[in-house]
2 protein chains.
Amino acid sequence: MADGISSLKDVARAANVSVPTASRILRRKGIARFSEETCERVLQAAARLRYRPNMLVKGLQTGLTNTVGVMVPPFDSYWSSILYGIHDTLISLDYVPIVLWVWHRDDYSGKEPFDNLEPVHRLIDRRIDGAILWPPVTPEYYGHHEELASRNIPVVTIDHELPSQYGADSITTNEELGARIVADHLIKLGHRRIAHLGDVGLDTYSWSQGRRKYFEQQIAKVPGTSCIISERDKKVDGIEVAKKILTAKPRPTAVYAANDLLARYVYLAAAELNLRIPEDVSVVGFADLDFAPLMVPPLTTVRQKGYEIGCKAARLLLSRIQGKFVESENGSIKMDCELVVRGSTAPVPRNS
Amino acid sequence: MADGISSLKDVARAANVSVPTASRILRRKGIARFSEETCERVLQAAARLRYRPNMLVKGLQTGLTNTVGVMVPPFDSYWSSILYGIHDTLISLDYVPIVLWVWHRDDYSGKEPFDNLEPVHRLIDRRIDGAILWPPVTPEYYGHHEELASRNIPVVTIDHELPSQYGADSITTNEELGARIVADHLIKLGHRRIAHLGDVGLDTYSWSQGRRKYFEQQIAKVPGTSCIISERDKKVDGIEVAKKILTAKPRPTAVYAANDLLARYVYLAAAELNLRIPEDVSVVGFADLDFAPLMVPPLTTVRQKGYEIGCKAARLLLSRIQGKFVESENGSIKMDCELVVRGSTAPVPRNS
DNA sequence: CTGTTAGCGCATTCAC
DNA sequence: GTGAATGCGCTAACAG
């Protein structure tokens, strides 16, 4: 009325029935037991008044709002597709997401306090049925998970497995596979001195750790092959680190960057040093972000299945919510990934 | 309790007061009139039980949910920044967005029925306080706006002005300004035969219309200058249209593409035709999407202020919601934009 | 076949 | 200073 949405009461009145009757007919619950004519009256009244159910009330009563909280980092095309996957799956099952972008102002460097529970509270106050989280991995952040877990709100994390005490499901890219296909590719091309450029704070991002660890393992398998590990420092520009790698003596013949953004730093450093890619150094990235094919030369990289990850995350969450698997053991899905070979990798030059 | 969130009743009981008392103290309303000690008890109980207010109830009672619906097209970096702007502004004012991505599976070609009201209903059923919409412009779509307008839900549209009957506010890029700066730039470089490549279905997107119309006007002001208009056809690949432009006799010396994606088609067509950019043709885009600086050569384009647009859209909406300007006239904000000159434009070659 | 009663969690009167 | 009563819009349990 006041706000332009007629209530069930209005419908009932217009159809000359009681409120519960209207309710039951509109939700076709036990509808069989009503007279044709009554049903008609109610249905028509509802249509005429353009009745819409109030999900707030439904939430109040059933404790379920068909709403899911999503906390993600800033966009890159990987996270965009994850969001699409989440969105589509939720929508198809009659849920909606409330997406909160956390810390997109800074470079995740911790300027915003990690223990700020305000975003989770926003979601909890709206009684979300569950949450999909990108968990910054520093322990201080675990307050968020405490908060959700202690309220029995199901959680699925993407790209990080939480300690089991939080009882969250997770979905991550199969980093071991990724490491293997990159290593195989480079080894096959003849590379033996390979550098790995990791992301800022190896302890901060678990995927960064995994990416490096598994890669080292793979490389270690091949005799005569060495793996130089560097990581982008919080304070130092990525390009500086990349330059350090490329000026090492002897220079590595290939650089595997833990993600496409880091690969870009390698490109920039190479340009400054007058090194050609891939003639002088091969470069491999990770993620296959949208700009990867546009780089010059186009970047060889590992494609993560963002959309599918999003879909699975949502499906996982909803089956938790709907109690489809109440088993206490939490699920942990690994998605596969694939190498996209483009122009930034080539056989090792002879004189190296 | 059952779902892990204690209610006000729990707090009241724990603090040995009545529910209304707890309510008032926690919302510090008329708090002055309570004894220090009672306040303490309530506050402590709330903290201990980790009480969180139930916004569903608040919504039920006040009619306001502090939730805003957002319907946007698929991501590109322009829309990403718009979303950021919306998000940040909403958050800072204690609202949250429910973002629905419409039609991102296809190329807006109308495969999904335009009259599908299901997404709006999802939002309405959750009693959003207002909505920010990217309005596909075909008239069939106006059902969405009917639906919202007739329920007195404030609406702000981005990049399109709705017929005034819908009473929506809008915020768009100042297309006239954009056209002027592009025209000025090209004219100054000596270009006289300039092609404009518009987006599919000139009638479908109002910004596309504006972009073309204003550009023609600007060009018309300079004697001896001609403007060739093309548009990407729904059925034809963009690259084909671009090729047609570049093989026209006499060939235009510059192409102004209505957005950066179209500019990419021009690049591809030029490559196929062995034309160099900018030596043989200059190219200008629109939007300054994230890949524009990465193109080879980097694209000269018009930067739209996505983030600011998002912020203003949200602020506009919230002031409507909060009744800050009840005047019936609807607001229409135009954002300015600026030319980013990069490597894809150059003075006209002599022999042209 | 349909209406009455109660209650979800809370805020807003109004009383004591 | 504080508690009891009422109602938001709706559903579920119980009466007829």
Side-chain angles (χ1 to χ4, degrees), chain A residues 1-43 45-46 49-66 124-129 151, chain B residues 1-43 45-46 49-66 124-129 151:
Chain A
M1 279 284 292
D3 63 357
I5 309 188
S6 27
S7 69
L8 191 57
K9 192 149 92 187
D10 299 328
V11 176
R13 189 166 23 224
N16 239 316
V17 296
S18 71
V19 171
T21 299
S23 168
R24 297 207 281 260
I25 292 180
L26 287 176
R27 285 174 305 135
R28 44 220 78 202
K29 216 176 180 184
I31 198 174
R33 311 176 305 146
F34 291 98
S35 77
E36 268 296 312
E37 197 246 327
T38 313
C39 291
E40 263 311 296
R41 274 205 334 268
V42 170
L43 258 16
L49 296 175
R50 301 190 310 147
Y51 171 73
R52 286 268 100 206
N54 188 331
M55 298 212 29
L56 301 177
V57 174
K58 190 224 156 214
L60 235 187
Q61 293 178 152
T62 64
L64 292 175
T65 53
N66 280 40
I124 293 177
D125 293 356
R126 285 175 177 80
R127 299 300 188 262
I128 50 166
D129 294 336
R151 298 177 191 281
Chain B
M1 277 287 289
D3 63 355
I5 308 187
S6 27
S7 70
L8 192 57
K9 192 150 91 189
D10 300 328
V11 176
R13 190 168 19 227
N16 238 316
V17 295
S18 70
V19 171
T21 298
S23 168
R24 297 208 277 260
I25 292 179
L26 287 176
R27 286 173 306 134
R28 47 220 76 204
K29 218 176 178 183
I31 198 173
R33 310 175 306 145
F34 292 98
S35 76
E36 268 297 309
E37 197 247 328
T38 313
C39 291
E40 263 311 294
R41 276 208 328 272
V42 170
L43 259 15
L49 297 174
R50 300 189 311 144
Y51 170 74
R52 286 267 100 206
N54 188 330
M55 298 213 29
L56 301 177
V57 174
K58 190 225 157 215
L60 236 187
Q61 292 176 154
T62 65
L64 293 175
T65 54
N66 279 41
I124 293 177
D125 293 357
R126 285 173 179 77
R127 297 301 186 266
I128 51 166
D129 295 337
R151 298 177 191 281

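Lettering of chains follows the sequences in order, A, B, ..., and the numbering in each one begins at 1.
- Atom pair A/Glu37:CD and C/dC1:C1' shows a separation of 12 Å (rounding to whole Å applied).
- Considering every non-hydrogen atom in both B/Val11 and B/Ala46, the closest pair reads CG1-N, 3.8 Å.
- B/Leu56 places its CG atom 12 Å from the C1' atom of D/dG9, with the value rounded to the nearest Å.
- At C/dC10, none of the side-chain N or O atoms of B/Arg27 fall inside 4.0 Å of OP1 or OP2 (strictly under the cut-off).
- Nearest heavy atom pair, residue A/Cys39 against residue A/Phe34, reads SG-CB, 3.7 Å.
- Picking from D/dG9, D/dT2, C/dC10 the nucleotide with the shortest atom distance to the side chain of B/Phe34 gives D/dT2.
- If you take CZ of A/Arg127 and C1' of C/dC8, they are 12 Å apart, rounded to a whole angstrom.
- Side-chain proximity of B/Val17 to C/dC1, D/dG3, D/dC10: nearest is D/dG3.
- Here the shortest heavy-atom pairing between B/Ala45 and B/Ala14 reads CB-CB, 4.0 Å.
- When the P atom of C/dT2 is taken as reference, atom CG of A/Leu26 falls 14 Å away, rounded to whole Å.
- Residues B/Lys9 and B/Val19 share a closest heavy-atom pair of CA-CG2, 4.0 Å.
- Between the NZ atom of B/Lys9 and the P atom of C/dC10 there is a distance of 9 Å, rounded to whole Å.
- In this structure, B/Ile25 atom CD1 and D/dG3 atom P are separated by 9 Å, rounded to whole Å.
- Taking only distance into account, the side chain of A/Arg24 meets the base of C/dG3 through a donor-acceptor pair shorter than 3.5 Å.
- What separates CD1 of B/Ile5 from P of C/dG9 is a distance of 11 Å, to the nearest Å.
- The two residues B/Arg41 and B/Asn16 come nearest to each other via the heavy atoms NH2-O, 3.5 Å.
- Here the CG atom belonging to B/Leu56 is positioned 5.5 Å from the CG atom belonging to A/Leu56, to the nearest 0.5 angstrom.
- No contact: B/Val19 has no heavy atom under 4.0 Å from any strand.
- Here D/dG1 presents its P atom at 19 Å from CG of B/Asn16, a figure rounded to the nearest Å.
- If you check residues 57-64 of chain B against DNA chain C, the residues with a heavy atom closer than 4.0 Å are B/Val57, B/Gln61, listed by number.
- The shortest heavy-atom contact between B/Ser35 and B/Thr38 is OG-OG1, 2.5 Å.
- The side chain of A/Ser23 contributes no N or O atom lying less than 4.0 Å from OP1 or OP2 of D/dC10.
- For A/Thr21, a side-chain nitrogen or oxygen approaches OP1 or OP2 of C/dG3 to under 4.0 Å.
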